[in-house]
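Taking it in order: structure first as structure tokens, then the write-up.
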Number of protein chains: 2
Amino acid sequence: MAMGRPRAFDMDEALERALQVFWRKGYEGASLTDLTEAMGINPPSLYAAFGNKEGLFHKAVERYVAERGKFWAEAMNEPTARAAVERLMRHSADFLTDKCNPGGCLLVQGALSCSDQATPVKRALANRRATGEARLRDRFERAKSDGDLPAEVDPTDLARYVMTMMEGMAIQAASGTTREALQRVVDVTLRSFPG
Amino acid sequence: MAMGRPRAFDMDEALERALQVFWRKGYEGASLTDLTEAMGINPPSLYAAFGNKEGLFHKAVERYVAERGKFWAEAMNEPTARAAVERLMRHSADFLTDKCNPGGCLLVQGALSCSDQATPVKRALANRRATGEARLRDRFERAKSDGDLPAEVDPTDLARYVMTMMEGMAIQAASGTTREALQRVVDVTLRSFPG
DNA sequence: GGAATTATATAGCGATCAATAAGAAATTAG
DNA sequence: CTAATTTCTTATTGATCGCTATATAATTCC
């Protein structure tokens, strides 16, 4: 069978550039013109490769979680709950303020509030955040049976507390708070963390 | 001089309704159609009364801070830093999840990420949040001279920590976290707060 | 080479965006 | 009453939104 004209752009690189636009402007704040210009392609190529704007966004989020979220797994593998939280928050403080990236977190600022038609996107991001919270809760449950968290600790509440802190750090980073200042916020948090 | 035709709508009530639309959908997510329908007026009336969409938004934010932010002053007047933070966070947890309101905080989700042309709005909200952080810092400085905070505490860092927590709570509330769950996050925070 | 297939570039679609022009309606001043 | 002033309703404006129809270019199969 005939194979047709070969694609003239690198899909991975185009997706990475779209990801950065969404990261900076959010789902609705990023226009197709913004996206196609950053990706170096024309609209028909975008639609042929990624479906539509929402499909492109979901693929960008998937890439974001897969590539930028690796440190979550590393953190959860630390031997104790405290070490896991410390590694998670230290890396987050660096990551959220990394000058190579737009400030903040795509999962937080990608579609926090939006028009009615974008509510599915908003919900998808909220689900991604909830997944992170669930991973923390699971890790804390394991820590309790390991004995490195006191028996009176509620893993659900502690996970929500840590997640709330990290989401707040994303807001701070998006507002221009520096890496050093964010690390001092982590200091304050860890000073009181059990273990 | 001639007084002209009297205005047929209540400006305060119209502004309140616009505020609620912005709160739910954000600055860019709220269309003029959304706004005029909620306010019960036609576009020319909106523009005559409030200038333009951005002017309306700023007036809505001003109203939001003045009316919904009263509890900040009450909290800062508590006798100790710890009591101030407890009152601030307890009220915030209730406020952010109040079923009479859209979930979350207008100052956080009003324009967290946006198109280039809305960046002035984004910056204005970041400045409002920074003002809250500064009030906390000032209160903690006073607490240090009052002796109800240890001398080794850095008021700037502690204020940033509390503000980060509150911003995270706004994200949680916007994602559907309940009042009770948010109060348990406050429990965890207060368990470690000095005083 | 010729047919089939796929990606490209150009141009433009209908819908919606924020904002307004035009004129009728409602008030006060004299 | 008339004149002046202001707000109202109606109907658009030009720009931009996400998206696509069309035709051309580039490749493979036969």
Side-chain angles (χ1 to χ4, degrees), chain A residues 1-15 17-19 21-22 24-60 110-111 113-122 124, chain B residues 1-15 17-19 21-22 24-60 110-111 113-122 124:
Chain A
M1 77 178 77
M3 295 299 280
R5 178 172 176 171
R7 187 174 277 123
F9 64 95
D10 184 296
M11 278 195 63
D12 251 39
E13 188 181 323
L15 183 57
R17 294 191 185 176
L19 161 56
V21 173
F22 282 132
R24 216 154 21 86
K25 303 192 174 186
Y27 174 64
E28 290 194 307
S31 71
L32 275 192
T33 304
D34 292 332
L35 292 165
T36 53
E37 278 182 1
M39 299 166 85
I41 62 177
N42 297 114
S45 299
L46 190 157
Y47 281 82
F50 302 102
N52 58 12
K53 186 186 179 183
E54 184 171 348
L56 175 63
F57 182 77
H58 288 308
K59 288 190 178 71
S113 61
C114 55
S115 73
D116 289 336
Q117 75 169 12
T119 40
V121 173
K122 181 175 78 173
Chain B
M1 77 177 77
M3 294 300 280
R5 178 172 176 171
R7 188 175 276 123
F9 65 94
D10 184 295
M11 278 195 62
D12 251 38
E13 188 180 323
L15 183 57
R17 293 191 186 177
L19 161 56
V21 173
F22 282 132
R24 211 153 28 84
K25 303 191 173 186
Y27 173 65
E28 289 193 309
S31 71
L32 275 192
T33 304
D34 293 332
L35 292 165
T36 52
E37 279 182 0
M39 300 166 84
I41 61 178
N42 298 114
S45 299
L46 189 156
Y47 281 84
F50 302 102
N52 58 13
K53 187 186 178 184
E54 185 172 346
L56 175 63
F57 182 78
H58 287 310
K59 288 189 178 72
S113 61
C114 56
S115 74
D116 289 336
Q117 75 170 11
T119 40
V121 173
K122 181 175 78 173

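Lettering of chains follows the sequences in order, A, B, ..., and the numbering in each one begins at 1.
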Point to revise | Residue whose closest nucleotide on DNA chain C lies nearer the 5' end, Pro6(B) versus Asp34(B) | key: Asp34(B)
Check your understanding: Between Asp116(B) (CG) and dT16(D) (C1'), how many Å, whole number?
Key -> 14 Å
Review point. Heavy atoms, side chains only, cut-off 4.5 Å: are Ser113(B) and Lys25(A) in contact?
Key: no
Review point. Looking for any heavy atom pair under 4.0 Å, which part of the strands does Pro43(A) touch: base, sugar-phosphate only, or nothing?
Key: base
Review point. Which of the following nucleotides, dT20(D), dT20(C), dA9(C), is nearest to the side chain of Asn42(A)?
Key: dA9(C)
Review point. Are any non-hydrogen side-chain atoms of Glu28(A) and Cys114(B) less than 4.5 angstrom apart?
Key: no
**Study point:** Among dC17(D), dG18(D), dA18(C), the one nearest Thr33(A) by side-chain distance
**Key:** dC17(D)
Practice item. Have a look at Ala8(B) and say if it touches a base, only the backbone sugar-phosphate, or nothing, with a 4.0 Å heavy-atom cut-off. Key: sugar-phosphate
Check your understanding: Between Tyr47(B) (OH) and dT10(D) (P), how many Å, whole number?
Key -> 19 Å
Practice item. Starting at atom CD of Glu28(A), determine the distance to atom C1' of dC17(C), rounded to an integer number of angstrom. Key: 12 Å
Check your understanding: Can you check the Leu46(B) CG to dA19(C) P distance for me, whole Å?
Key -> 9 Å
Point to revise | Rounded distance (Å) that lies between atom P of dA19(C) and atom CG of Leu35(B) | key: 11 Å
Point to revise | Donor-acceptor pair (no angle test) under 3.5 Å: Arg7(A) side chain, dA7(C) base | key: no
Review point. Between Ser45(B) and dC8(D), does any side-chain N or O lie under 4.0 Å from OP1 or OP2?
Key: yes
Review point. If you check every side-chain atom of Lys53(B), which of dT7(D), dT28(C), dA19(C) has the closest atom?
Key: dA19(C)
Study note, to complete from the structure: Of dT8(C), dT28(D), dA26(C), the nucleotide closest to the side chain of Met3(A) is dT28(D)
**Study point:** The single option from Lys122(A), His58(A), Lys53(A) passing side-chain contact (heavy atoms from CB on, under 4.5 Å) against Tyr27(A)
**Key:** Lys53(A)
Check your understanding: Nearest-Å distance, CZ (Arg5(B)) to C1' (dA25(C))?
Key -> 5 Å
Review point. Cation over ring, Arg24(B) on Phe22(B), under 6.0 Å and within 45°?
Key: no
Check your understanding: Quick one: Ile41(B) CD1 to dT7(D) P, roughly how many Å, whole number?
Key -> 12 Å
Review point. So do Ile41(A) and Met11(A) actually touch side chain to side chain, heavy atoms under 4.5 Å?
Key: no
Review point. If you check every side-chain atom of Ser31(B), which of dA18(C), dC19(D), dT8(C) has the closest atom?
Key: dA18(C)
Review point. What integer distance in Å separates Leu56(B):CG from dC17(C):C1'?
Key: 16 Å
Review point. Base, sugar-phosphate, or nothing for Ala30(B), non-hydrogen atoms under 4.0 angstrom?
Key: sugar-phosphate
Practice item. When you get a sec, tell me which of dT28(D), dA7(C), dT20(C) is the closest nucleotide to the side chain of Pro44(B)? Key: dT20(C)
